[in-house]
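What follows is a set of notes on a single structure, which appears directly below.
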Amino acid sequence: MRTAATDLPVLKPFRAPPIAPSGLAAPALLGAGLVAGVAIVFAASLAVAQATGPAMRDGAVTILLRWLPLIFQGFLFNLLISVLSMALGTAVGVLFGIGQVSPSAALRQPAWAATQFFRNAPWLVLLFYAMFLLPFEISLGPVAIAFPAWVKAIIGLALPVAANVSEIVRGGIRSIPSGQWESAEALAFSRRQTMWMIILPQAVKRMLPPWMNLYAILTMATTLISVVGIQDGLTVTRAALVAESRPELMLPMYLLLLLMFFAYCYPIARLTMALERRFHVKG
Amino acid sequence: MADKDIARHRLGEPVVVVEGVEKAFGAFVVLRDVNLTVRRGETVCIIGPSGSGKSTLLRCINALVPISKGSITVAGRQVNDPGLDKLALRRDVGIVFQQYNLFPHKTALQNVMMAPIHVLKQKRAEVEERSVRLLAKVGLSHKHDAYPGELSGGQQQRVAIARSLAMNPKVMLFDEVTAALDPETKKEVLVTIRDLATEGMTCILVTHEMGFAREVADHVYFTDGGLIVEPPPPAEFFGAPREARTRAFLEQVL
Ligand SMILES: Nc1ncnc2c1ncn2[C@@H]1O[C@H](COP(=O)(O)OP(=O)(O)OP(=O)(O)O)[C@@H](O)[C@H]1O
Ligand SMILES: [Mg+2]
């Protein structure tokens, strides 16, 4: 953070240090404890499975290691889906968010209605609609563009993401003081210039934490695509359990997948909190 | 005919002409029958109690707020014309606000350069050269790369003045630009404005600084109940106000 520097004898506001232990130490300790806790549960469940499994057949660890690469591949596919639907959802959501603060009612109202609708609809239902309502190919004259299931899944997940991004963008724009609009207007900037060169660059800072938070939620929600028959991490894990038909493996196997998501999402959550703290102080 | 022209020129042609302006927010009338003429090179101060519509009048002059009745002309451009090219008008009118309103994500120099580059589409090198000169003029040569958050209130306000000047306006409006500043920093800003006024910039200045108004103003106007009641030369205004209301107000503040 930049501190106000001046060579003039003016009084600077005194800022008391926060009373709550919001320094780095406390959350870092908590975080480490959480990671250790999850690891211990995982190890314990694996040990139990190893001990209680039938003696004649492969041990739990062996089976887990056998499936690990496939499950990890599936998990990477989840990440790919999450990144692509986040990108699509963000692009669309930014436009809708800007639409929501448009002075023209013809733009503002549809943007608002679409945002509210998709923000308050269950994600899985939207995903089903995308899977079953979108055609599996679109023909533009002679060219036919194929719509494989995973592309439809990306679109299905991007819908609620776009709606949430739209709200984040609207809130971010609204949080910029009206004096910024006024002085830009007085300097003869057009509305569009004001938005893109003055308002949005300032608002991005405030939009970043909720946007990252949304991304973490989306990443975890990508396992929904296994319900519509796409081979993601969850599908692979379930298939592995069916193939091995070893009920005692259920706990460690799903925990393995959970750990992958946790290892990916938890740092994002931590970074989000750190950013939030930083911007909060900045005001 | 020729004599008349010469006399007109010496006086300066009117830059801002406000005639019979009325402004209401809903049923609430803020300005009523306001008349004001500012000629080229003149400095006009507007004083008056809080809520009497001083800021509103300035905002009407550069069409940030539409007027309800009457007419305003700025540099020959009819402000209340529905077909007004607002952007063209605002290129001619600079306004500085009490709250500076600098762009916090840009440095002092970038703040000054932005509008000429993106609005006037001037060449970056030219604009940069001029902006550097403007920052020097307001005494901030050493602060090019400082962000607004790193500047004192007075310094921010001077950057805001330089930012408006970069558009080469025909008239500058100042809305209580020193109201948020402590006495020390107030002075730097007032000196900057006085220099501008003496160099011949046309200025309309809303201020509570009576001493300053007396020093720089060619005319002082007083607003109350939406009416500008006194346009005499300043010495007369401060010495012997004609209107009872002006007298009452001055007795309070002087
Ligand atoms: N957008 C608006 N909508 C409704 N009322 C407004 C609006 N802007 C200003 N007003 C009202 O108009 C009146 C005059 O406001 P204005 O800001 O012009 O006063 P002022 O003379 O500049 O006061 P001050 O010295 O406090 O700055 C105030 O009563 C204010 O509440
Ligand atoms: Mg005011």
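So you know, we letter chains A, B, ... as the sequences are listed, proteins then strands, and number each from 1. Just so we're clear, the structure is a prediction, and the values are computed from it rather than from any experiment.
Within the 4.5 angstrom heavy-atom criterion, only side-chain atoms of B:Phe97, from C-beta onward, approach chain A. For B:Val93, the part lying under 4.5 angstrom from a heavy atom of chain A is the backbone only. In this structure, the portion of B:Leu102 lying under 4.5 Å from any heavy atom of chain A is its backbone and not its side chain. In this structure, the portions of B:Arg163 lying under 4.5 Å from any heavy atom of chain A include both its backbone and its side chain.
Using a 4.0 Å cut-off between charged side-chain N and carboxylate O, B:Arg39 and B:Glu42 make no salt bridge. A salt bridge does not link B:Asp175 with B:Lys54: every distance from a Lys NZ or Arg NE/NH1/NH2 to an Asp or Glu carboxylate oxygen is 4.0 Å or more. Classification of B:Glu209 and B:Lys186 as a salt-bridged pair holds, one side-chain N sitting under 4.0 Å from a carboxylate O.
Among the candidates B:Leu64, B:Leu173, B:Leu89, B:Ile95, the residue making the largest number of heavy-atom pairs closer than 4.5 Å to chain A is B:Leu64. Interface remark: of the candidates B:Arg91, B:Gln99, B:Met167, B:His118, B:His118 forms the most heavy-atom pairs closer than 4.5 Å to chain A. For the set B:Ser164, B:Gly153, B:Pro104, B:Pro169, the entry with the most heavy-atom pairs within less than 4.5 Å of chain A is B:Pro104.
Checking A:Glu167 against A:Gln100 by side-chain atom types alone, a donor-acceptor pair falls below 3.5 Å. For the residue pair A:Thr219 and A:Tyr264, no side-chain donor N or O sits within less than 3.5 Å of a side-chain acceptor on the partner.
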Apply the test side chain to side chain donor-acceptor pair (under 3.5 Å) to residues B:Thr185 and B:Asp182: give CA-CA distance (whole Å), side-chain angles for both, the deciding distance (0.1 Å), then the verdict. CA-CA 6 Å; B:Thr185 39; B:Asp182 52 282; 3.0 Å; yes
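The only member of A:Leu271, A:Leu214, A:Ile168, A:Leu275 that meets side-chain contact (heavy atoms from CB on, under 4.5 Å) when paired with A:Pro209 is A:Leu275.
The nearest pair of heavy atoms linking B:Lys23 to B:Ser68 is CA-OG, 3.4 Å.
Under the 30°/60° scheme for interplanar angles, the aromatic rings of B:Phe103 and A:Phe189 are found to stand perpendicular.
Residues of residues 178-187 of chain A lying under 4.5 angstrom from chain B, judged on non-hydrogen atoms, are A:Gly179, A:Gln180, A:Glu182, A:Ser183, A:Ala184, A:Glu185, A:Ala186, A:Leu187 in numerical order.
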